[in-house]
2 protein chains.
Amino acid sequence: MREVAALAGVSLKTVSRVINAEPGVSAELATRVSAAIERLDYRHNLQASSLRRVDGKSATIGVILEDIANPFSSTLHRAIENVAVKRGVLVLAGSLEEDAARERELVSAFASRRVDGLVIMPASHDHSYLLNERKAGTALVFVDRPPSFLDADTVLTDNLGGARRGIQHLLAHGHRRIAYVGDLQSIVTAALRYQGYREELDAHHLPLDPDLVRLDLRGTEPAEAETTKLLALRPAPTAIFAAQNLLTIGVFRALRRLGLHHKVALVGFDDFLLADLLDPGITVIAQDPAAMGTAAAELLFSRLDGDRSPTVHRIIPTRLIARGSGEIGP
Amino acid sequence: MREVAALAGVSLKTVSRVINAEPGVSAELATRVSAAIERLDYRHNLQASSLRRVDGKSATIGVILEDIANPFSSTLHRAIENVAVKRGVLVLAGSLEEDAARERELVSAFASRRVDGLVIMPASHDHSYLLNERKAGTALVFVDRPPSFLDADTVLTDNLGGARRGIQHLLAHGHRRIAYVGDLQSIVTAALRYQGYREELDAHHLPLDPDLVRLDLRGTEPAEAETTKLLALRPAPTAIFAAQNLLTIGVFRALRRLGLHHKVALVGFDDFLLADLLDPGITVIAQDPAAMGTAAAELLFSRLDGDRSPTVHRIIPTRLIARGSGEIGP
DNA sequence: TGCTATTTTGACAACGTTGTCATCCCGGCA
DNA sequence: TGCCGGGATGACAACGTTGTCAAAATAGCA
């Protein structure tokens with residue numbers, strides 16, 4: 001910057017004014033400075049700038065996700081990026097892999113870099129440690145899962161309602177023995193989906209058969225194995241509700257292997273690519289990660305713009321997409 | 001930091017020494033400082049730190065990808081993150097969407113934030129503008145696509161060899177009329193794959209039938225439409241090589257709609273989730289985005305560690321995964 | 001013309017940290 | 001006892017920028 005000022009024959013401050021488009025610089029000097037910037041290929045140092053600035057904004061936000069490579073997370077990430085781009089804000093991202101310690105590390109690493117805000121899909125179960133960040137002026141928005149011991153803006157999927165909708169769909173097609181294949185109950189969203197299952201059965205005065213419930217499964221393989229066992233029961237379930245992406249795929253694999261994919265109904269929670277190309281197409285309760293990301297980013301930026309209203313809790317609705325597997329009768 | 005120093009009753013410099021684990025601080029003072037840091041919940045300001053430091057490292061790298069939500073890009077992104085995490089380096093990411101102007105914007109935004117290095121999957125066709133970044137000490141690695149007018153480290157898929165391998169596979173199964181469905185020829189990788197198709201036909205002394213070649217298609221729908229037209233030809237192709245992910249899906253959709261998915265052979269370039277669950281399973285030439293990301297990140301960090309050897313060009317091999325669709329005879 | 005009001009410009013300090021160098025203290029040795 | 005060496009500690013400047021405020025230039029008006 002010193003070189004630019006020297007070349008343009010002005011003071012440092014005037015260069016700073018031109019860069020930040022502050023008013024009160026004559027047109028002549030402004031063009032001279034711009035030319036010098038161009039000629040020297042000068043790059044503004046945002047770190048030094050935000051160090052001195054009174055608001056200390058770094059024009060950078062942090063995003064903490066379960067796994068940036070998983071489609072749900074990466075779609076969410078992209079939606080956040082889309083909102084951020086419009087404001088010239090850059091996005092730092094990190095993956096958690098259900099590791100609560102990593103969550104704190106990432107928050108700390110982001111805090112060191114003075115991000116303006118954080119979007120968090122949490123893995124830990126105590127977020128009181130974030131109070132200090134907030135006190136330091138960092139905006140916080142939780143997505144997909146709510147915070148614990150901390151009141152903060154959240155954007156969640158309608159897990160309970162979505163699960164109920166799925167079960168209701170199977171009930172409407174005449175099923176009475178509906179198995180439930182679910183993820184780790186320690187994950188709040190998984191617990192809510194299971195609650196939806198129970199509530200919907202209850203609303204129809206149907207008993208809950210513990211034999212038909214398989215919880216705490218992670219990934220396709222356990223789901224495939226448990227499904228095989230479920231289908232060996234007598235009487236066997238006539239329909240299966242898979243409460244997560246990979247579980248749905250595991251269940252489908254088992255059904256196909258047993259030649260039951262046109263006999264046993266299947267509804268999955270969370271859509272996945274190519275679900276429509278399978279035979280039968282898989283009926284799902286689709287979440288909307290893009291809408292969640294957009295909502296989270298907009299919430300975050302409205303806070304950064306100074307919105308001090310009470311915390312907001314947005315629920316993004318789910319959508320039932322019927323593709324065949326959920327419409328098989330008992 | 002001033003407060004910490006005051007509370008611990010030491011100078012600023014001593015606090016700095018403790019934070020950076022510099023030698024020559026007595027154990028007693030070190031614990032006193034650590035306690036003060038803990039008590040005040042002090043956060044080190046990396047921006048100020050890297051401003052003053054002689055090497056100016058920000059412990060942050062930038063990654064520029066086609067679209068952080070697309071599985072290829074996000075797997076690559078994740079692999080880079082995995083390497084970066086081990087060094088306490090954070091990753092900024094941005095999406096290009098084939099927009100050359102956006103590429104320059106992102107580079108400039110990253111440069112303002114003084115990233116230590118950049119991994120780029122480029123969209124533009126002139127990278128001489130990056131010379132200045134490199135002069136400023138930013139390490140550069142290109143992935144998936146090579147730079148133009150700039151000599152820099154690259155990590156590429158073996159596009160030409162992979163395509164040849166796919167065509168060879170179809171030839172080995174007796175096919176002679178093999179259609180080619182390809183992406184924008186302005187994308188270097190797409191052009192190389194098409195070259196592989198021609199070379200392999202040529203190696204077998206087979207003529208190239210222009211009617212069987214459909215180029216510059218983007219996404220599933222154009223691929224589906226062109227496939228429909230291809231299959232209406234007389235004589236029709238007995239096999240189709242789809243040179244990209246989404247194109248493969250489009251081709252498969254068309255085959256299924258026409259009831260030809262067990263009659264016409266299909267080999268796709270680039271693997272995709274659930275390709276094995278379709279009927280028939282889709283035979284693909286799989287790229288290895290995780291290996292590419294890892295290689296790119298390791299290359300980048302070795303440069304940051306001071307490796308000044310000549311530029312490296314790594315080619316990541318592809319792998320043919322036979323799943324059924326490519327083994328259908330003519 | 002002489003004065004004030006307004007705009008343009010620049011000098012300087014400050015942001016939070018680290019590099020440099022000087023000072024202090026202690027033990028060891030002649 | 002006096003001196004020296006070496007480790008611990010701190011004072012101060014500097015990194016690249018912007019906020020503050022004063023000075024200079026210009027415009028407006030009687």
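Here is how names work: the chains are called A, B, and so on, in the same order as the sequence lines, proteins then strands, and each is numbered from 1.
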For [X] and [N], give me the distance from atom [atom1] to atom [atom2], rounded to whole Å.
X	N	atom1	atom2	answer
A:Q47	D:dT17	CD	C1'	12 Å
A:L12	C:dT8	CG	P	20 Å
B:M1	C:dT18	CE	C1'	8 Å
A:E3	D:dG16	CD	P	10 Å
A:R113	C:dG16	CZ	P	19 Å
B:E22	C:dT20	CD	P	11 Å
A:E28	D:dA25	CD	P	15 Å
A:K13	C:dA11	NZ	P	13 Å

If you pin A:T14 and B:N20 to their nearest nucleotides in DNA chain C, which one's is more 5'? A:T14

Classify [X] by what it touches in the nucleic acid, base, sugar-phosphate, or nothing, heavy-atom distance under 4.0 Å.
X	value
A:S16	base
A:R114	nothing
A:L29	sugar-phosphate

List the steps and the verdict of salt bridge (Lys or Arg N to Asp or Glu O under 4.0 Å) for A:R104 and A:D126. CA-CA 10 Å; A:R104 299 191 65 146; A:D126 180 356; over 6 Å; no

Between A:I120 and A:V141, does a side-chain contact (heavy atoms from CB on, under 4.5 Å) hold up when you go through it step by step? CA-CA 6 Å; A:I120 307 179; A:V141 175; over 6 Å; no

Do we see a donor-acceptor contact under 3.5 Å between the side chains of A:R145 and A:N159? no

Counting C-beta onward and ignoring hydrogens, is there a side-chain heavy-atom pair between A:T189 and A:D144 closer than 4.5 Å? yes

Do the side chain of A:R17 and the base of C:dG10 come within less than 3.5 angstrom through a donor-acceptor pair of N or O atoms? yes

Return yes if the base of D:dG16 and the side-chain atoms of B:R52 contain a donor-acceptor N/O pair under 3.5 Å, otherwise no. no

Want to settle it: does B:G24 or B:L51 sit nearer the 5' end of DNA chain D, counting the closest nucleotide to each? B:G24

For C:dT8, take OP1 and OP2 only and decide whether either is under 4.0 Å from a side-chain N or O of A:S26. no

OP1 or OP2 of D:dA11 sitting under 4.0 Å from any side-chain N/O of B:S11? no

If you count heavy atoms of other groups shown closer than 6.0 angstrom to CD of B:E97, is the number above 12? yes

